Undergrad: 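Attaching a single structure in structure tokens format; questions to follow.
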Amino acid sequence: MTQPHDAPHQTDHDVDHKQGAKNMQMGLIGLGKMGGNMRDRLKAAGHDIVGYDRNPDISDATDLRDLVSKLDAPRAVWVMVPAGDPTRDTIKSLAELLDEGDIIVDGGNSKFTDDQANADMLKEHGVEFVDCGVSGGIWGKDNGYGLMCGGAEKNVERLMPIFDALRPEGPREEGFVHAGEVGAGHYAKMVHNGIEYGMMHAYAEGFELLEAKDIVKDVEGCFRAWSRGTVVRSWLLDLMVKALEETPHLEGISEYSTDSGEGRWTLEEAINLAVPMPVLASALFARFTSRQENSPQMQAIAALRGQFGGHEVMQFGDEPYRKAAKEGQAEVSPAAEKKDTSGEATPGAKKSDN
């Protein structure tokens, strides 16, 4: 897939800058979907990358000690493993193996509050630390990765050949930022993902409305027509077009949507700093709703309507989803599938123990 339509054009200056960059040796821990692609991109740029993964078929080292032994001092090691305990444990293990003057980059989706703790622990061993938020997904190998770094200027500058190889072609400032102190890189990536939640949900709402209207015959074409010239164009829009190419009406795709945690962290920060973020909150809570067999909140509302107004309280299997609605109002979105009333649990409903 190509870069977004409005990506900056590469210039001779950009090419010369990258080609003139110093080649580096670096260890890379975690060779999954992103880590493996990052290794390939870095190697293609001429860097000497020693990778370690628990899968021996793709690993260049047998364990962390072996990885460190294959690197020349002063060493640089990039950690690209799942956030939380896997990252914290990996960094702690490296602290015992590395020497003074070596440097660790946490490129995973760690919570920014982990970064200063890691930096303080590594400082006791004389090891430097940089946090780096990485965006680009599975397309980064070809298109480059958006990078957001936090840490001391000297450490970020030391790693710049690696950052230049990973970022997209074009002006450095349009694919890379030294966001600030330790933690600032992951903080910026967290906010980036919060924005992403809202953008995705806006496209999703538009999709359903287009699907629901009988006069609209080409929903995919509508999204495709927005991909050039319009104010809603983006790489996410390009990916929506691709999804609709593969599955025109998203038939068979489950509504169940997970979250990686960054949306929650962003909302927590919004609350702590009194920053109103209703778009993110709505998008995040919609994901929570997608995982429920049946909404306890809406069950409570139905029960309350029965109590104060005498309105009928529906039981599972008796819902009149396609009954005549009030004039001009649909009871259920025409684009939505009926809930399963075949005797199995309704999407969202817990099976009764009775």
Side-chain angles (χ1 to χ4, degrees), residues 1 3-4 7 30 32-35 37-38 78-88 105-116 118 130-141 143-151 163 166-168 174-206 232-240 242-243 255-273 275-291:
M1 186 167 179
Q3 278 272 65
K33 291 179 181 178
M34 284 191 65
N37 283 344
M38 288 168 63
W78 188 299
V79 178
M80 203 70 186
V81 301
D85 286 340
T87 293
R88 287 189 287 266
V105 183
D106 178 3
N109 284 329
S110 295
K111 191 172 185 179
F112 73 96
T113 51
D114 285 353
D115 293 323
Q116 191 59 58
N118 285 330
V130 167
D131 58 286
C132 185
V134 181
S135 179
I138 60 175
W139 304 100
K141 177 180 176 180
N143 296 341
Y145 300 90
L147 305 173
M148 297 141 269
C149 293
F163 296 143
L166 288 173
R167 67 175 176 82
E174 294 183 7
F176 169 87
V177 63
H178 180 193
E181 301 172 5
V182 167
H186 281 143
Y187 197 94
K189 177 59 163 48
M190 177 190 74
V191 175
H192 163 281
N193 281 27
I195 293 170
E196 180 185 288
Y197 273 60
M199 292 176 65
M200 291 171 67
H201 204 77
Y203 288 138
E205 289 180 353
V232 299
R233 64 192 185 276
S234 72
W235 187 34
L236 280 175
L237 181 64
D238 293 344
L239 293 176
M240 185 70 187
K242 186 175 186 297
E255 67 180 9
Y256 193 104
S257 296
T258 60
D259 68 284
S260 62
E262 287 165 300
R264 302 185 192 208
W265 303 340
T266 310
L267 197 56
E268 289 170 1
E269 277 295 291
I271 293 169
N272 291 338
L273 297 176
V275 175
M277 298 190 77
V279 173
L280 168 61
S282 177
L284 179 61
F285 293 155
R287 294 197 190 189
F288 295 169
T289 298
S290 79
R291 303 168 205 164

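Because the structure is predicted, anything quoted here is derived from the model rather than measured.
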Undergrad: Show the nearest heavy-atom pair for residues Gly136 and Trp235, with the distance to one decimal.
TA: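 The answer is O-CH2, 3.4 Å.
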Undergrad: Between Asn37 and Lys33, does the side chain to side chain donor-acceptor pair (under 3.5 Å) criterion hold? Intermediate values first, please.
TA: CA-CA 6 Å; Asn37 283 344; Lys33 291 179 181 178; over 6 Å; no
Undergrad: Report yes if the side chains of Phe112 and Val191 come closer than 4.5 Å at any heavy-atom pair, otherwise no.
TA: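 Side chain of Phe112 against side chain of Val191, heavy atoms only: no contact under 4.5 Å found.
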Undergrad: On a heavy-atom basis, which atom in Pro168 and which in Gly146 lie closest, and how many Å separate them?
TA: CD-N, 4.4 Å
Undergrad: Please tell me if the side chains of Thr87 and Asp114 come closer than 4.5 Å, counting only heavy atoms from C-beta onward.
TA: no
Undergrad: What is the distance from atom OG1 of Thr266 to atom CD1 of Ile271, rounded to the nearest 0.5 Å?
TA: 11.0 Å
Undergrad: Roughly how far, to the nearest 0.5 Å, is the CG atom of Leu280 from the NE2 atom of His201?
TA: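 With rounding to 0.5 Å, NE2 (His201) is 11.0 Å from CG (Leu280).
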Undergrad: Run the side chain to side chain donor-acceptor pair (under 3.5 Å) test on Ser234 and Tyr203 for me, step by step, so that the C-alpha distance in whole Å, both residues' side-chain angles and the decisive distance to 0.1 Å come before the verdict.
TA: CA-CA 11 Å; Ser234 72; Tyr203 288 138; 2.9 Å; yes
Undergrad: Test Lys111 against every option in Glu269, Glu262, Glu268 by the salt bridge (charged side-chain N to carboxylate O under 4.0 Å, His left out) rule and name the one that passes.
TA: Glu268
Undergrad: Restricting to non-hydrogen atoms, name the atom on Leu166 and the atom on Trp78 that form the minimum distance, rounded to 0.1 Å.
TA: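 Closest approach of Leu166 to Trp78, heavy atoms only: CD1-CH2, 3.7 Å.
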Undergrad: Restricting to non-hydrogen atoms, name the atom on His186 and the atom on Gly108 that form the minimum distance, rounded to 0.1 Å.
TA: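 Looks like NE2-O, 2.8 Å.
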Undergrad: I'd like to know if the side chain of Ser257 and the backbone of Glu255 have a donor-acceptor N/O pair within less than 3.5 Å.
TA: yes
Undergrad: Can you name the nearest heavy-atom pair linking Gly107 to Val134, along with the distance?
TA: O-CG2, 3.6 Å
Undergrad: Looking at Gly133, is its backbone amide N or carbonyl O close enough to the side chain of His192 to form a donor-acceptor pair, meaning the two atoms are under 3.5 Å apart?
TA: no
Undergrad: Check whether Arg291 reaches the backbone of Tyr256 with its side chain - one donor and one acceptor, N or O, closer than 3.5 Å.
TA: no
Undergrad: Begin from the C-alpha positions of Leu239 and Trp139 and carry the test side-chain contact (heavy atoms from CB on, under 4.5 Å) through to its verdict.
TA: CA-CA 11 Å; Leu239 293 176; Trp139 304 100; 3.6 Å; yes
Undergrad: Hey, what do you get for NZ (Lys189) to CG (Asn109), rounding to the nearest 0.5 Å?
TA: 4.0 Å
Undergrad: Return yes if some donor-acceptor pair links the side-chain N/O of Asp131 with the main-chain N/O of Asp115 below 3.5 Å, else return no.
TA: no
Undergrad: Kindly give the heavy-atom pair with the smallest separation between Glu196 and Leu236, and that separation in Å.
TA: CG-CD1, 4.1 Å
Undergrad: Just by modelled atom types, is the Gly180 backbone N or O under 3.5 Å from a matching donor or acceptor in the His178 side chain?
TA: yes
Undergrad: Does Asp259 reach the side chain of Phe288, with side-chain heavy atoms less than 4.5 Å apart?
TA: yes
